[in-house]
Amino acid sequence: RRGARTPLLWVLAYAGTLWLWPYHAPRLVAPLAPVLVMGAAVAAAALPGRWPGRVVAAWAVLLVAASAFAAVHGDVRRPYEVRQRLLAPAVQAIDRVVEADAVVGAPELWPALILHTDRRAAPSAPFRPGGPGPSWGSPGDQFRAWEAGRVDYLLLELGGRIHGDALDVLDGLCPGAAGVVASWEGGALVRLAWDEACRRRAVVVE
């Protein structure tokens, strides 16, 4: 309890870092969980009466039970298996289609693309925790991320859920500015052929 100030300052500093970090990575909030649990336990010990401790105990039991259930049923591996199935065909398509000096944008898999291909890669969606709308930003937010990263190709993950709206808006602004050059189950590779005039119109979209 005497040292509670340090974890609190760490939570504030880490949350501030996440807020400033502009790219989509919601899993980065996971390190906050144990500190928040510890903070809840400290608060329960400091408050009078029995109910705060009972609430924290019930929360801990529920968390352990949910984690055990997920481990037994294999759910903890599912998100990684989905990304594994998406990454292999994405790497093959990039090796086959993308020019050596081109930049590939991807919402989550961009670090893996840097490791597994000889191409440059960049984040293609901003991370806006707790803000209005989806956490991956508005079409305008995404256009600005593509412009900042000088993205030539766009990897559509999870069936295009993240970039679908932005590509629809781009097609309305500049017909023919994006075209699918490779596709597979759950993903696709899109070539961005927007000229300078289209870029200027896109980056001011909200």
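Through direct or relayed side-chain contacts under 4.5 Å between Ile, Leu, Val, Met, Phe, Trp and Tyr, V203 connects to V204. Alongside V91, the hydrophobic cluster contains L86, L87, I94, V97, V98, V104, L109, L113, Y153, L155, V181, W184, L189 (criterion: ILVMFWY side chains under 4.5 Å).
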Show your reasoning for whether side-chain contact (heavy atoms from CB on, under 4.5 Å) applies to D95 and Q92. CA-CA 5 Å; D95 285 340; Q92 293 172 2; 5.9 Å; no
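Of all non-hydrogen atoms in G105 and V151, the two that sit nearest each other are N-CG1, 3.6 Å. Taking all atoms of both residues into account, the shortest heavy-atom contact from V103 to G149 is CG1-O, 3.5 Å. Nearest heavy-atom pair across A102 and D152 is CA-OD2, 3.4 Å.
Pairs engaging residues 193-203 under the side chain to side chain donor-acceptor pair (under 3.5 Å) rule: E147-R199 [sequence neighbours left out]. A disulfide (SG to SG under 2.5 Å) check over residues 145-189, counting only residues at least two apart or in different chains, returns the pairs C174-C198. Listed by first and then second residue, the side chain to side chain donor-acceptor pair (under 3.5 Å) pairs involving residues 154-173 are S124-H163, Q142-H163 (not counting sequence neighbours).
L192 has its side chain within reach of L170: a pair of non-hydrogen atoms, C-beta onward, lies under 4.5 Å apart.
Legend: residues meeting side chain to side chain contact (heavy atoms under 4.5 Å, CB included) with P31, ordered by chain and number and at least two apart, are W10, Y14. Considering only residues two or more places apart in sequence or on other chains, T117 meets the side chain to side chain donor-acceptor pair (under 3.5 Å) condition with none of them. Not counting sequence neighbours, R120 has no partner by the salt bridge (charged side-chain N to carboxylate O under 4.0 Å, His left out) test. Legend: residues meeting side chain to side chain contact (heavy atoms under 4.5 Å, CB included) with I114, ordered by chain and number and at least two apart, are W110, A121.
With a 6.0 Å radius and a threshold of 12 heavy atoms from other residues, nucleotides or ligands, E99 has its CD atom above the threshold.
Looking only at distances, no side-chain donor or acceptor of R191 sits under 3.5 Å from a matching main-chain atom of L154.
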